[in-house]
Undergrad: 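Quick one: the structure is below, questions incoming.
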Amino acid sequence: MAKNQFQKFKELHYREDVLYLFNCWDVMSAKIIEDKGAKALATSSYAVGDAWGCADGEELPFEYLVWFSKQLAANSNVPVSVDAEGLYADSLETLYNNAQSLFRTGISGINFEDKKIRSHTYELWNVDEQAERIKTLKHVTLSLNTDIFVNARTDIFFKEENHSTDLVKEVVDRAEAYADAGADGIFIPGLTNIELIEEFSKKSPLPVNIMLDSSTVAENMNWKNVGVSRVNYGPHSYFQAQNILAKHLTFSI
């Protein structure tokens, strides 16, 4: 089951049309998104954490993430990708053990970022360290006889305020190292300059995932022409739901 869903999910990144993912935060939102015709489901760590009263950045207990992932996979008929942040692990041993727990839930993919979540400063794993972490994830899939789409997220464009061609080159280097380590996709949140997105996409060895905060932008832009394969909205679907509830909820006194 997991392997079939993985293959289906992977193929969605190589179609002529862009894969749009409206991120869910619970089973209810996942069902609504799927019923509207979504080809796959994805979560937002911020939205899931906030819905449970936890801050983003692996404040949601890991066992909750595992339980929630299992519930999503069990209640969905399309591939499920989970925002796993850094998989709550600083050491390769902890990473291996946590990946085993999460990959057994029936999900088809994860977002896996190169930011050091527990660092007191905004710090990224260096390229070689993160490549080893990605290799560890792939070793876990072999041990479980399954497949997981590893969408390697880099937070460089959040760390640096000035986005330039030189910075794009640095991210291309990371993408190449992550691809060699076994990553299936590259996620570049924080980069919004269309020319730089196109420049990166032309050089990326992996399908490119970007994050938007406005459906209007997506409707008016042919992202496939820019080289983008996957577009997601992060926590913005969650924010929209909050706004709709706040707008329509009234009480009589």
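What you see is a predicted model, and the numbers here were worked out from it, not measured in a lab.
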Undergrad: Consider only side-chain heavy atoms of I, L, V, M, F, W and Y, link residues closer than 4.5 Å, and tell whether Ile32 and Trp25 are in one cluster.
TA: no
Undergrad: Are any non-hydrogen side-chain atoms of Leu65 and Tyr88 less than 4.5 angstrom apart?
TA: yes
Undergrad: If you measure only the distance, is there a donor-acceptor pair under 3.5 Å linking the side chains of Asp155 and Tyr122?
TA: yes
Undergrad: Would a 4.5 Å heavy-atom cut-off, applied to side chains only, mark Cys24 and Leu72 as touching?
TA: yes
Undergrad: Does one side chain, of Asn209 or Asn232, offer a donor that lies under 3.5 Å from an acceptor on the other?
TA: yes
Undergrad: Evaluate the side-chain hydrogen bond (donor to acceptor under 3.5 Å, both in side chains) criterion for residues Gln100 and Asn97: first the C-alpha distance (whole Å), next the side-chain angles of each, then the deciding distance (0.1 Å), finally the verdict.
TA: CA-CA 5 Å; Gln100 280 202 323; Asn97 292 334; over 6 Å; no
Undergrad: Please check if the side chain of Glu34 supplies one atom and the backbone of Asn77 the other of a donor-acceptor pair under 3.5 Å.
TA: yes
Undergrad: Quick one, Ile110 and Ile148 - any side-chain contact, counting heavy atoms below 4.5 Å?
TA: yes
Undergrad: List the atom of Asp56, the atom of Ser45, and the distance in Å for their closest heavy-atom pair.
TA: OD1-OG, 2.9 Å
Undergrad: Using only atom types and a distance under 3.5 Å, with no angle test, would you say the side chain of His163 pairs donor to acceptor with the backbone of Phe157?
TA: yes
Undergrad: Identify the two heavy atoms, one from Phe158 and one from Gly190, that lie closest to each other, and give their separation to 0.1 Å.
TA: CE2-CA, 3.4 Å
Undergrad: What heavy-atom pair brings Trp125 and Ala89 nearest, and what distance separates the two atoms?
TA: CZ2-O, 4.3 Å
Undergrad: Between Tyr233 and Phe22, what is the ring plane arrangement, given parallel below 30°, perpendicular above 60°, and tilted in between?
TA: parallel
Undergrad: Is the distance from the ring center of His139 to that of Tyr96 below 6.0 Å?
TA: no
Undergrad: Please verify the inter-ring angle class for Tyr46 with Tyr238; under 30° counts as parallel, over 60° as perpendicular, anything in between as tilted.
TA: perpendicular
Undergrad: I'd like to know if the side chain of Asp184 reaches the main chain of Val150, judged simply by a donor and an acceptor atom lying under 3.5 Å from each other, with no hydrogens or angles considered.
TA: yes
Undergrad: Report the distance from atom CD1 of Ile210 to atom CE of Met221, rounding to the nearest 0.5 Å.
TA: 8.0 Å
Undergrad: Could you check Leu87 against Phe112 for side chain to side chain contact (heavy atoms under 4.5 Å, CB included), going step by step and ending with a plain yes or no?
TA: CA-CA 7 Å; Leu87 250 170; Phe112 185 62; 4.0 Å; yes
Undergrad: Testing the basics here: between Ile134 and Ala183, what is the closest heavy-atom pair and its distance to 0.1 Å?
TA: CG2-N, 3.7 Å
Undergrad: What I want to find out is whether Asp114 reaches Lys159 closely enough, with some N-O distance under 4.0 Å, to be called a salt bridge.
TA: no
Undergrad: Tell me whether Val127 shares a hydrophobic cluster with Leu124, the cluster being built from Ile, Leu, Val, Met, Phe, Trp, Tyr side chains joined at under 4.5 Å.
TA: no
Undergrad: Step by step, would you call Thr154 with Glu113 a side chain to side chain contact (heavy atoms under 4.5 Å, CB included)?
TA: CA-CA 6 Å; Thr154 181; Glu113 61 190 74; over 6 Å; no
Undergrad: Quick one: does any side-chain atom of Glu85 pair with a main-chain N or O of Glu58 as donor and acceptor, under 3.5 Å?
TA: yes
Undergrad: Is the NZ atom of Lys70 crowded by more than 12 outside heavy atoms at less than 6.0 Å?
TA: no
Undergrad: Of Lys39, Lys224, Arg230, which meets salt bridge (charged side-chain N to carboxylate O under 4.0 Å, His left out) against Asp17?
TA: Lys39
Undergrad: Nearest 0.5 Å, please: how far is CD1 in Ile33 from CE in Met28?
TA: 9.0 Å
Undergrad: If you measure from the Lys or Arg side-chain nitrogens to the Asp or Glu carboxylate oxygens, is any gap between Asp35 and Lys31 under 4.0 Å?
TA: no
Undergrad: Within the 4.5 Å heavy-atom criterion, are Asp26 and Ser29 side-chain neighbours or not?
TA: yes
Undergrad: Does a donor on one side chain and an acceptor on the other come within less than 3.5 Å for Thr43 and Asp83?
TA: no
Undergrad: When rounded to the nearest 0.5 angstrom, what is the spacing between CH2 in Trp223 and OH in Tyr20?
TA: 8.0 Å
Undergrad: Using the rule that two of Ile, Leu, Val, Met, Phe, Trp, Tyr join whenever any of their side-chain heavy atoms come within less than 4.5 Å, decide whether Ile117 and Val48 are in one cluster.
TA: no
Undergrad: Are Leu245 and Gln242 packed together at the side-chain level, in the sense that at least one heavy-atom pair is separated by less than 4.5 angstrom?
TA: no
Undergrad: Just by distance, with hydrogens left out, do Asn23 and Ser44 show a side-chain donor and acceptor under 3.5 Å apart?
TA: no
Undergrad: Side chain of Arg174, backbone of Lys169: donor and acceptor closer than 3.5 Å?
TA: no
Undergrad: For residues Leu144 and Arg104, determine if any side-chain heavy atom of one lies less than 4.5 Å from a side-chain heavy atom of the other.
TA: yes
Undergrad: Determine whether Val226 and Asn222 satisfy the following criterion, side chain to side chain contact (heavy atoms under 4.5 Å, CB included), listing intermediate values before the conclusion.
TA: CA-CA 7 Å; Val226 182; Asn222 189 333; over 6 Å; no
Undergrad: Mind checking the NZ-NZ spacing from Lys138 to Lys135? Nearest 0.5 Å is all I need.
TA: 13.5 Å
Undergrad: Could you give the distance from CG (Leu19) to OG (Ser229), rounded to the nearest 0.5 Å?
TA: 9.0 Å
Undergrad: Are any side-chain N or O atoms of Ser204 and backbone N or O atoms of Leu206, one a donor and one an acceptor, separated by less than 3.5 Å?
TA: yes
Undergrad: Hey, is the main chain of Ala73 close enough, under 3.5 Å, to the side chain of Ser76 for a donor-acceptor pair?
TA: no
Undergrad: Does NZ belonging to Lys202 count more than 12 external heavy atoms closer than 6.0 Å?
TA: no
Undergrad: Can you confirm whether Glu63 is buried at CD, in the sense that more than 12 heavy atoms of other residues, nucleotides or ligands lie under 6.0 Å from that atom?
TA: yes
Undergrad: Report the C-alpha separation of Ile156 and Glu170 in whole Å, then their side-chain angles, then the decisive distance to 0.1 Å, and conclude whether the side chain to side chain contact (heavy atoms under 4.5 Å, CB included) test is met.
TA: CA-CA 9 Å; Ile156 287 182; Glu170 182 179 344; 3.7 Å; yes
Undergrad: Test your reading of the model: is there a side-chain donor-acceptor pair from Glu129 to the backbone of Asn126, 3.5 Å cut-off?
TA: yes
Undergrad: Output yes when Glu11 and Arg15 qualify as a salt bridge under the 4.0 Å nitrogen-oxygen rule, no when they do not.
TA: no
Undergrad: Do Thr165 and Leu196 make a side-chain contact, defined as non-hydrogen atoms from C-beta onward lying under 4.5 Å apart?
TA: yes
Undergrad: Can you find a heavy atom in the side chain of Phe68 that is under 4.5 Å from one in the side chain of Leu60?
TA: no
Undergrad: Could you check Ser91 against Thr94 for side-chain hydrogen bond (donor to acceptor under 3.5 Å, both in side chains), going step by step and ending with a plain yes or no?
TA: CA-CA 5 Å; Ser91 71; Thr94 302; 2.9 Å; yes
Undergrad: Indicate the atoms forming the closest heavy-atom contact of Ala152 with Tyr178, along with that distance.
TA: CB-CD1, 3.7 Å
Undergrad: Output yes when a side-chain donor or acceptor of Thr121 lies under 3.5 Å from a complementary backbone atom of Glu123, and no otherwise.
TA: no
Undergrad: Judged by atom type as modelled, is there a donor-acceptor pair below 3.5 Å linking the side chain of Ser119 to the main-chain atoms of Lys116?
TA: no
Undergrad: Would you say Leu167 ends up clustered with Val228 if hydrophobic residues are merged whenever their side chains have heavy atoms under 4.5 Å apart, either directly or through other cluster members?
TA: yes
Undergrad: Looking at Ala177 and Ala131, what are the two nearest heavy atoms and their distance?
TA: O-CB, 4.2 Å
Undergrad: Output the distance between atom CD1 (Ile186) and atom OG (Ser201), rounded to the nearest 0.5 Å.
TA: 10.5 Å
